[in-house]
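Order of the sequence lines fixes the chain letters, A, B, ..., with proteins taken first and strands second; residue numbering starts at 1 for each chain.
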There are 2 protein chains.
Amino acid sequence: MRPRSSRRSRAGNTIADVAREAGVSLMTVSRVMNGKANVREETRERVEAAIKALNYSPSAAARNLAAASEVRIGLLYSNPSAGYLNEFLVGSLDQASRANVQLVVQLCENKEDRAEIVRRLIDGGVDGLILPPPLCDADDIHQLLQEAEVPAVVVASGRPPVFLSSVNIDDRAAAAAMTLHLVKLGHKRIGFISGNPDQTASALRLYGYLDALGEAGQVSDPALVVEGLFTYRSGLDAAQQLLALEERPTAIFASNDDMAAAVVSVAHRMGLDVPGDLTVVGFDDAPQATTTWPELTTIRQPIADMSRAAVIQLVEDIRTSRDGRRLAPRHAQMTFELIQRESDAAPAA
Amino acid sequence: MRPRSSRRSRAGNTIADVAREAGVSLMTVSRVMNGKANVREETRERVEAAIKALNYSPSAAARNLAAASEVRIGLLYSNPSAGYLNEFLVGSLDQASRANVQLVVQLCENKEDRAEIVRRLIDGGVDGLILPPPLCDADDIHQLLQEAEVPAVVVASGRPPVFLSSVNIDDRAAAAAMTLHLVKLGHKRIGFISGNPDQTASALRLYGYLDALGEAGQVSDPALVVEGLFTYRSGLDAAQQLLALEERPTAIFASNDDMAAAVVSVAHRMGLDVPGDLTVVGFDDAPQATTTWPELTTIRQPIADMSRAAVIQLVEDIRTSRDGRRLAPRHAQMTFELIQRESDAAPAA
DNA sequence: TGCTTCGATGATAGCGCTATCTCTGATGAG
DNA sequence: CTCATCAGAGATAGCGCTATCATCGAAGCA
């Protein structure tokens, strides 16, 4: 009787092939692949050569199964600006495939069925959740996660709950840096369009603006601060309000690029040149920032890096809690960058 | 000696638990889950009850491994507009997780290392590739795939290679529909900004525009057709060119929304009202279309559906070729939709 | 020199599931 | 009444990998 036909389907080689090629045991190959310590340098090199020679790549399924470490994480998003989500997805996907974890991307639009969706994800076997803005500030979700003892990482929240890990930039310092930049250009009347009050980062950016003004010894005229919602439309309204002011600002700092683009649009329709008559700056370095004219000076958040970091942190949290160890949420802070493009200039004399 | 500690980590139950609960064998449970035939109705119900009772959900890893049906597909993207990629990703991710296949998302920016990247993906064990625009038209990649006999699906290409499956909308018909819409509004001089000549869809959209003009019995003035590159910046140039014309067009149809937004911007800076003095329409229904003022009338492509369809088609192709059957590429066509917003109107009297 | 100690490596047993074969009655043809 | 046939169900052997324990020299030490 001939051996029953193999059930293999992957064209690729298996770890056994590599072991044979290198003249070592399976385990040694496994150790090399996982970067374990106890392998002699010479052996390691031999195995690596064999891996390269056979063009071997391990089966994620088998790995997960054997290591009993199948990790599935959910990425819950609502409707942030498209560019943000895009970059966020790319980063987390990349990291997820690197870390060999399955990423479940779930849309969650209305507030009503949030709880339902989260519960279903958890019941469905997700081991942890990533919450990009604006869901990063959804208290009801936090609550749910704490009760279910499901680890999660909130990203770009201004006020992350203590029991969840978080990844942020220092919104306050970033807004202060941008404001200071405007002050240094010589602007005395700097308008500010704040973000959606539902998102905690909004307040931080406002504080940053105020910090810088204070530091520069400028008084902050309350009329120069207008509330927006992070949407283009709200930016339109806010810009109209600011530019209708008797003593018009010479610069406007919008809390995100969508609103900044709206400001530019309004300025143009009023016949104002940007940046000749009005400096406009944004925040986020969204695609908007470069698909508008003039291109926007803005604050760059390393979104992809942040989402990557979130995945790493979450996987760590999940493994911790699986081992029965106590979860110790960590709060990471990434660095921002002020990107100067063409929408800012010194005020007209 | 007590049994070595279990390596299980999943909190969830295994198929064995379900089998015990239902009082049947493992295989019977497996059969029920996979909807196989030979199971008595009564038994099936008992098993289903047990599954529900234990809140059982199978391990994807184990399934893949056992069925030897691990499928990994690569999504190769370069830098399309952010909104497009975003929607594309969401659709394909969703379908990938549904179909239990692993999605590898890979950036491929410069033309030089394309071949290298594709080769690495293939060697790395990807079973098939999805090519959204603009890579859908990369002949060198097609070549490579054909040689390596790797299935792939090109999305939104104007001229898909016969040996690869494709998913499209009818760009020509869509452009014709939009042009006809403008004609019906009463426009006699309709400017057209074509897309990047490297992308085959560009020509189709141009033909559609010409088709409709012909059908409406209008002559097409060559001066009214300007070449763009699908970028905002190229739209700026094209708009300037069109609006500098002695006999100015009363409407401009841009081949995508980025360029349409640029047209609006130029029009505003020239003091023209949109749509009062100039109608501007786009194509794609990108996020741009609604984060600009006025919101753009455009053609909606069902991008997410298209990417979902691409994944489905690709998985089918992969299984076909694994079974050793001959690959029979299929070309699917999805339906578009003309979305009327606020950027179009009848020409001024 | 004899014996512990330890680092490098090998052997083996699963991880949770499905493919495949085997078994068991019930059924119907002859 | 016997025997092939067949549907429903069980038993068993992996899928490709890693955890765990066993092994085996070489070094360290008294």
Between [X] and [N], is there a contact of a side-chain N or O with OP1 or OP2 at under 4.0 Å?
{"X": "K36(A)", "N": "dA19(D)", "result": "yes"}
{"X": "S25(B)", "N": "dG10(D)", "result": "yes"}
{"X": "R40(A)", "N": "dG7(C)", "result": "no"}
{"X": "N34(A)", "N": "dT18(D)", "result": "yes"}
{"X": "S59(B)", "N": "dC17(C)", "result": "no"}
{"X": "T28(A)", "N": "dG10(C)", "result": "yes"}

## Note on the structure
salt bridge (charged side-chain N to carboxylate O under 4.0 Å, His left out) filter on R20(A), not counting sequence neighbours, yields D17(A)
### Message
Going by salt bridge (charged side-chain N to carboxylate O under 4.0 Å, His left out), name the residues that satisfy it together with D317(B), two or more places apart in sequence or in a different chain.
### Response
none
Side-chain donor/acceptor pairs under 3.5 Å, residues 39-53 of chain B, sequence neighbours excluded:
residue: R44(B); atom: NH2; partner: K36(B); partner atom: O; Å: 3.2
residue: R46(B); atom: NH1; partner: A22(B); partner atom: O; Å: 2.7

Let me know the distance between [atom1] of [X] and [atom2] of [N], rounded to the nearest Å.
{"X": "N38(B)", "N": "dA19(C)", "atom1": "CG", "atom2": "P", "answer": "14 Å"}
{"X": "E41(A)", "N": "dT9(C)", "atom1": "CD", "atom2": "P", "answer": "11 Å"}
{"X": "I15(A)", "N": "dG16(D)", "atom1": "CD1", "atom2": "C1'", "answer": "8 Å"}
{"X": "M27(A)", "N": "dT18(D)", "atom1": "CE", "atom2": "P", "answer": "7 Å"}
{"X": "L26(A)", "N": "dT18(D)", "atom1": "CG", "atom2": "P", "answer": "10 Å"}
{"X": "N64(A)", "N": "dT18(D)", "atom1": "CG", "atom2": "P", "answer": "10 Å"}
{"X": "L65(B)", "N": "dT18(C)", "atom1": "CG", "atom2": "C1'", "answer": "10 Å"}
{"X": "N13(B)", "N": "dC17(C)", "atom1": "CG", "atom2": "C1'", "answer": "15 Å"}

Measure all distances between protein nitrogen or oxygen atoms and nitrogen or oxygen atoms of nucleotides 4-6 of chain D, and list the pairs falling under 3.5 Å.
none

### Message
Expected output is a numbered-order residue list: members of residues 43-52 of chain A with a heavy atom under 4.0 Å from any atom of DNA chain C. What is it?
### Response
T43(A)
### Query
In terms of the nearest nucleotide of DNA chain D, which residue is placed more toward the 5' end: V39(B) or A62(B)?
V39(B)
Which residues share a side-chain hydrogen bond (donor to acceptor under 3.5 Å, both in side chains) with [X], sequence neighbours left out:
{"X": "R114(A)", "result": "D140(A)"}
{"X": "E316(A)", "result": "R330(A)"}
{"X": "R31(A)", "result": "none"}
{"X": "S25(A)", "result": "T28(A)"}

### Query
What distance separates L314(B) CG from L75(B) CG, expressed to the nearest 0.5 Å?
10.5 Å
Using only atom types and a distance under 3.5 Å, with no angle test, would you say the side chain of [X] pairs donor to acceptor with the backbone of [Y]?
{"X": "S157(B)", "Y": "V154(B)", "value": "no"}
{"X": "H142(B)", "Y": "F163(B)", "value": "no"}
{"X": "N34(A)", "Y": "S30(A)", "value": "yes"}
{"X": "N13(B)", "Y": "L54(B)", "value": "yes"}
{"X": "S165(B)", "Y": "P329(B)", "value": "no"}

### Query
side-chain hydrogen bond (donor to acceptor under 3.5 Å, both in side chains) between N55(A) and R120(B): does it pass, once the steps are laid out?
CA-CA 9 Å; N55(A) 219 315; R120(B) 188 152 30 192; over 6 Å; no
Can you pull every protein N or O that's under 3.5 Å from an N or O on nucleotides 22-28 of chain D?
none

### Message
Are the side chains of Q102(A) and I73(A) in contact, using a 4.5 Å heavy-atom criterion?
### Response
no
## Note on the structure
One would report the end-axis bend of the helix from dT1(C)-dA30(D) to dG30(C)-dC1(D), five pairs per end and rounded to 10 degrees, as 50°
### Query
Can you find a side-chain donor-acceptor pair between R72(A) and N64(A) that sits under 3.5 Å?
no
### Task
Between protein and nucleotides 22-27 of chain C, map the contacts as a letter string: B base, S sugar-phosphate only, - none, heavy atoms under 4.0 Å, written 5' to 3'.
------
### Message
Among V167(B), L164(B), V315(B), which residue satisfies the side-chain contact (heavy atoms from CB on, under 4.5 Å) criterion with V153(B)?
### Response
V167(B)
